[in-house]
Amino acid sequence: MAKRKKNTAENEKPLNDNVHIEDAGTVKQEVITDTITKNFMPYAMSVILSRAIPDIDGLKPSHRKLLYTMYNMGLLKGGTIKSANIVGRTMQLNPHGDASIYETMVRLSRGNETLLYPFVESKGNFGKAYSKNMMYAASRYTEAKLAPICKELFDDIDKDTVEFVDNYDNTMKEPRLLPVTFPSILCNVTTGIAVSMASSIASFNIRELCETTITLIKNPEHVISDTLIAPDFVGGGYIIYDKAELERIYETGRGSVKVRSKYTYDKAYNCIDITQIPPTATSEAIIDKIIELVKANKIKEISDIRDETDLKGLKITIDLKRGVDPDKLMSRLFKMTPLEDAFPCNFNVLIDGTPKVRGVREILNEWVKFRLNCVTRRINYSLGKKRKQLHLLKGLSKILLDIDKAIKIIRQTESESDVVPNLMIGFGIDEVQAEYVAEIKLRHLNREYILKRIKDIENLENDIADLEKTLSSNTRLKKIIISELEEVIKKYDTGRRSEILYEIEDENVSTEPEIADYPVTMFISEGGYVKKIRTANLRMSGEQKVKEGDKIIETVECSNRDELLAFTTLHQVYKAKIDDFQDTKASVLGEYIPSKLNMDEGEESAYVAILSEYKGYMIFVFEDGKLAKVDIQAYETKTNRKKLINAYCDKSPLAAAIYLPEDTDIVLCCSNGRQLLINTAAITPKTTKNTQGIKAMAMKKKSDKVVSAHIYNEGEFEKPWRFRAKNLPAAGAQLSAGDIGEQLTF
């Protein structure tokens, strides 16, 4: 232990007395805004200027570094090479890691289908922008090269058209911008989220965009919307034309464009095939949303949905139930799912190193300004080359006057370093010209060679004069840009992908589910069960199965679109669509009404009415002999209310309820054996649901009560006039032997 402590002590060297740490041990107060400015602002500016916001050439720094690396690798021509090789080389310019570089390449590729005009030709699995599940393969498996359109990105880049800057470690040079020959900033969708700002640029058709730029160069007051009709997206679909909104986008750079999916209906298989979707949607998001709506019972027309995307492209298939109108269903899906979505526009672009939100006119004017600078630099570069060549040829022309003298000067000069000065003195030429003459091969020191060379002097002088004239004329410079744009249209225009809908039908489409219309038969049991069977399937059905002790009390033929009203023992009514009940068969018990309609605890069904429209009356007969006639419209609601309270009067127990589409004869039966025949037309209908009604049947004893009521069947009574009341209330009549016989037979 002592030895270890000794070694430790030896290793601990005391601080030099002269060492001084400034502000050591003191706590300094600093204003929070100063700290944020010093520490956070550089990061924010880096994200804005070097990552998220595109520049006027339409590219972010990561895109530009990748494409320039591929250009230097000679990938504008020839075949594809492994993506991993490209990614590795790009890291010399972009030090953000291979994963982010490869992801950038994927987005720029044709196979990924993100860009309307992709810059990278891909080979292998590059995933799909419209599907989260279709991921791209690793970079070691895929191959890539530059697309032909990249020629317009790098055209004359070696002629000083743009400024070059050092890369991150000052070992290489890279272009600050690319000299694009067309306004690529508006040709592809570009999105980015920076600090406190974002950018979202829609893509436009290259023909429309170039023609708009040409017209704008010729006429600065040109109306943009006359030639630039609407955005165009790689996924196609339909652009819902809104002139006012588009003009706002063109003017301010902000707004949104509605894009609707494209679909076809396959009548043979009764299914809808969705083949084009908005750029902001994915196939998984659409399918998940539709499944959610089906589970929530908001969409009932769909029997199945699946993703059938393959090598041919996107395809979402929706299987429909029988009798469904596909166009009406799609109109509802457009409103309820991402099948119709809005692309947000926020045209935030770096202009002279500053992020600015600009409209289409301003962006195109800035691009023309940028392109004018590129063309001017290119002409100056060419002009410098030609001037230098002319200068050399003029020196060569002086040699032509006495070739022998030139040879003599060279031969008689003892030192090699004196050759150039002696030629300068002998012919009155400058050092550059003399150097050029001295470098001429001996075989070329003849009159014929020199004459051939100096013939170019006149052409060079004409070219220089023409270039100088071009530089001094803004009109001629703009004509060059226009001719380049016209060439771009000829080479790369492939037509619009997104069609335009100028007029939209069913704009106010209801989001309520469309119910298939087909005939069904409803079986209602005494125990409160109901089953629905397609009428077409009844022939193949056997005897209707019911619970032990239960029986079918009513069979109603109706449509699947009809409504069911269930009046309960607690004086409430529950409403449901016949479509809410599942199609079934004779061998099942059916669905228990209280459970199906979520009735209150202890509540049971007292009467079930089925109606196709709210016409007719509800007849309520109470044990105390009163009868209420309520207009069925009293139960109609504008909203989808499923439950109505105070459905009928609660002053006396209900003996019977009957739905009558129109007035008819009904029979009231009393516990004392008397029966009363009444025509409901004699009773005034009420609009109040819980009306007490009128006294219909008079009873002699307090213990007597009405026990039932039913619709009169022709021939039920031998002498009907005996039971029909002249005035109400009436006691009715006892059945005769003939009436009993008829009823027994019946």
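Formation of a donor-acceptor pair under 3.5 Å by the N167 side chain with backbone atoms of T171 is found in this model. Between the T470 side chain and the R476 main chain, no donor and acceptor come within less than 3.5 Å of each other. One N or O on the side chain of S122 and one on the backbone of G111 form a donor-acceptor pair closer than 3.5 Å. Side-chain atoms of D57 come within 3.5 Å of backbone N or O of L178 as a donor-acceptor pair. Remark: side-chain polar atoms of K356 are not paired, donor with acceptor, to backbone N or O of V349 under 3.5 angstrom. Judged by distance alone, with hydrogens and angles left aside, the side-chain atoms of E362 form a donor-acceptor pair with the main-chain N or O of G359 at under 3.5 Å. Checking side-chain atoms of S184 against main-chain N and O of C187 turns up no donor-acceptor pair under 3.5 Å. Remark: side-chain polar atoms of D155 are not paired, donor with acceptor, to backbone N or O of K151 under 3.5 angstrom. Listed for the S483 side chain is a donor-acceptor partner under 3.5 Å among the backbone atoms of I480. The closest donor-acceptor contact from the side chain of T213 to the backbone of L209 lies under 3.5 Å.
In this structure, E174 does not pair ionically with R64, as no charged nitrogen and carboxylate oxygen lie closer than 4.0 Å. The existence of a salt bridge linking R497 and D232 is excluded, since no basic side-chain nitrogen approaches an acidic carboxylate oxygen closer than 4.0 Å. Salt bridge annotation for R361-E251: absent, with no cationic side-chain nitrogen under 4.0 angstrom from a carboxylate oxygen. Looking at E163 and R377, no side-chain N of the basic residue comes within less than 4.0 Å of a carboxylate O on the acidic one, giving no salt bridge. Using a 4.0 Å cut-off between charged side-chain N and carboxylate O, R207 and E211 make a salt bridge.
Residue L477 holds its CG atom at 10.5 Å from CG of N373, rounded to the nearest 0.5 Å. Annotation: the span from Y241 atom OH to E245 atom CD amounts to 12.0 Å, rounded to 0.5 Å. From E121, atom CD reaches atom CE of M70 across 9.5 Å, with rounding to the nearest 0.5 Å. Note that CD of E484 is 9.5 Å distant from SG of C374, once rounded to the nearest 0.5 Å. Here the straight-line distance linking atom CZ of F182 with atom CD of E487 works out to 14.0 Å at 0.5 Å rounding. Atom CZ of residue R107 and atom CG of residue N112 lie 8.5 Å apart, to the nearest 0.5 angstrom.
The two residues I48 and A194 make their nearest non-hydrogen contact at CG1-CB, 3.8 Å. In this structure, P54 and T190 approach most closely via the heavy-atom pair CG-CG2, 3.8 Å. A pairwise comparison of heavy atoms in L116 and F204 identifies CD2-O, 3.6 Å as the closest pair. Between H391 and Q433 the shortest heavy-atom distance is O-NE2, 2.6 Å. The two atoms that bring R358 and I363 nearest to each other are O-CD1, 3.5 Å, heavy atoms only. Across all their heavy atoms, L67 and C150 have their closest contact at CD2-SG, 4.5 Å.
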As a quick check of understanding, evaluate ring pair (Phe, Tyr, Trp, His ring centres under 6.0 Å) for Y492 and Y117, giving each step before the final call. CA-CA 9 Å; Y492 307 109; Y117 301 98; 8.4 Å; no
Candidate pair R378 and D156, rule salt bridge (Lys or Arg N to Asp or Glu O under 4.0 Å), full reasoning: CA-CA 7 Å; R378 182 180 68 192; D156 295 329; 2.9 Å; yes
Before you tell me yes or no, could you show the steps for L186 and W367 under side-chain contact (heavy atoms from CB on, under 4.5 Å), namely the whole-Å CA-CA distance, both residues' side-chain angles and the distance that decides it to 0.1 Å? CA-CA 10 Å; L186 295 174; W367 179 84; over 6 Å; no
Step-by-step side chain to side chain donor-acceptor pair (under 3.5 Å) determination, S62 to H96: CA-CA 9 Å; S62 58; H96 291 293; over 6 Å; no
Output, in order, the C-alpha distance, side-chain angles, deciding distance and verdict of side chain to side chain donor-acceptor pair (under 3.5 Å) for N422 and T413. CA-CA 8 Å; N422 289 342; T413 301; 2.9 Å; yes
Go through the steps for L59 and F119 under the test side-chain contact (heavy atoms from CB on, under 4.5 Å), then give the verdict. CA-CA 11 Å; L59 301 172; F119 295 135; 3.8 Å; yes
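With a 6.0 Å radius and a threshold of 12 heavy atoms from other residues, nucleotides or ligands, Y141 has its OH atom at or below the threshold. The neighbour count for E468 CD, taken as heavy atoms of other residues, nucleotides or ligands under 6.0 Å away, is above 12.
Under 3.5 Å, the side chains of N346 and R254 contain a donor-acceptor pair of N or O atoms. Of the N and O atoms on the side chains of S83 and T142, at least one donor lies less than 3.5 Å from an acceptor on the other residue.
Relative orientation of the Y102 and F126 rings is tilted, given thresholds of 30° and 60° on the angle between their planes. Taking the six-membered ring where tryptophan is involved, the planes of Y71 and F154 are essentially parallel, since the angle between them stays under 30° and well short of 60°.
When the options K123, K145, M73, E143 are evaluated for a side-chain contact (heavy atoms from CB on, under 4.5 Å) with I81, the one that passes is M73.
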